[in-house]
Amino acid sequence: ADNDGDGRGDECDYCPDLADGPQRGCEASIQQVKRRELNDEQFFDVAGVVTAVFGDNAPITQPGSFFMQASFANMESHDETFSGVYVYLGNRGPGVSVPSVGDSVRVIGRTSDYYGQAQLNQISQISPGPPAEAPTPIVPSFDQLVAQAERYEGMLVCINDVIVTE
């Protein structure tokens with residue numbers, strides 16, 4: 001069966017009642033992207049707050065690419081990990097503009113895994129998102145950060161009590 005008529009059978013379709021594509025993605029969370037719960041064939045609509053943007057001096061395919069993080073209120077659980085994601089704009093669609101740090105945005109794109117980092121790419125739209133507070137850095141212990149680095153990838157973190165010896 002293919003309830004939404006998008007050519008993808010309901011068994012393989014993340015949102016079988018919505019004909020998704022570049023103009024309308026299936027709603028998903030940053031945490032779902034980071035935990036690799038989504039397929040890489042559909043377009044997803046993901047909300048977050050922009051925390052960092054690569055400037056013009058970034059490598060040739062990265063200017064404008066950015067990180068965004070879920071605000072605490074928009075997380076699917078109160079587990080703050082897996083709540084930051086990299087949004088690659090090197091292959092974005094025409095007319096997709098670069099947001100600014102602090103913007104609450106909705107991004108429509110596909111998921112991918114690039115050198116072990118789950119990210120969003122093939123961005124077709126970036127639009128204003130729901131009002132959201134900017135995320136604040138979380139403070140994992142250094143041991144937590146080292147042992148579970150992927151859980152904190154793309155997030156604002158603060159590390160206390162660090163001593164640099166050389």
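- One distance of note links OG of Ser97 with CD1 of Ile123; it measures 12.5 Å at 0.5 Å rounding.
- Linking Ile, Leu, Val, Met, Phe, Trp and Tyr residues whenever their side-chain heavy atoms come within less than 4.5 Å places Val53 and Val46 in a single cluster.
- Note: Met155 CE to Lys34 NZ = 10.0 Å, rounded to the nearest 0.5 Å.
- Going from atom CG of Asp56 over to atom CD of Gln62 covers 13.0 Å, rounded to the nearest 0.5 Å.
- For CZ of Arg106, the number of neighbouring non-hydrogen atoms (other residues, nucleotides, ligands) closer than 6.0 Å is greater than 12.
- Residue pairs meeting the side chain to side chain donor-acceptor pair (under 3.5 Å) criterion with at least one member in residues 155-166: none, sequence neighbours excluded.
- To the nearest 0.5 Å, atoms CG (Asp45) and CD (Gln23) are separated by 12.0 Å.
- Closest approach of Gly48 and Ile30 over heavy atoms only: CA-CD1, 4.2 Å.
- Remark: the backbone N or O of Asn39 is paired with a side-chain donor or acceptor of Thr111 at under 3.5 angstrom.
- Distance check, rounded to the nearest 0.5 Å: OG1 of Thr81 to CD1 of Ile138 gives 7.0 Å.
- Remark: the backbone N or O of Val105 is not paired with any side-chain donor or acceptor of Asp103 at under 3.5 angstrom.
- Cluster membership for Val98 and Val107, using ILVMFWY side-chain heavy atoms within less than 4.5 angstrom, is shared.
- Shown here are the side chain to side chain contact (heavy atoms under 4.5 Å, CB included) partners of Gln119, two or more places apart in sequence or in another chain: Tyr86, Tyr88, Ser112, Tyr114, Gln117, Asn121.
- Minimum heavy-atom separation, Gln125 to Val96: N-CG2, 4.0 Å.
- Taking every heavy atom of both residues into account, Pro135 and Ala70 meet most closely at CB-O, 4.1 Å.
- Using a 4.5 Å cut-off between side-chain heavy atoms of Ile, Leu, Val, Met, Phe, Trp and Tyr, with links allowed through other members, Leu120 and Phe82 fall into different hydrophobic clusters.
- Side-chain contact check for Arg92 versus Ile126: every heavy-atom pair is 4.5 Å or farther apart.
- When atom types are taken as modelled, the side chain of Asn91 and the backbone of Gln122 share a donor-acceptor pair closer than 3.5 angstrom.
- Between Gln42 and Cys26, the closest heavy-atom pair is NE2-SG, 3.7 Å.
- Minimum heavy-atom separation, Ala52 to Val101: CA-CG2, 3.9 Å.
- Ser124 has its side chain out of reach of Arg110: every pair of non-hydrogen atoms, C-beta onward, lies at least 4.5 Å apart.
- Linking ILVMFWY residues whenever their side-chain heavy atoms come closer than 4.5 Å, directly or via other members, leaves Phe142 and Ile163 in distinct clusters.
- Taking OG of Ser83 as the reference point, atom CD of Gln31 lies at 6.0 Å (rounded to 0.5 Å).
- Under the 4.5 Å side-chain contact rule for hydrophobic residues, Val87 and Ile108 do not share a cluster.
- Between Ala132 and Ser104, the shortest heavy-atom contact is CB-OG, 4.0 Å.
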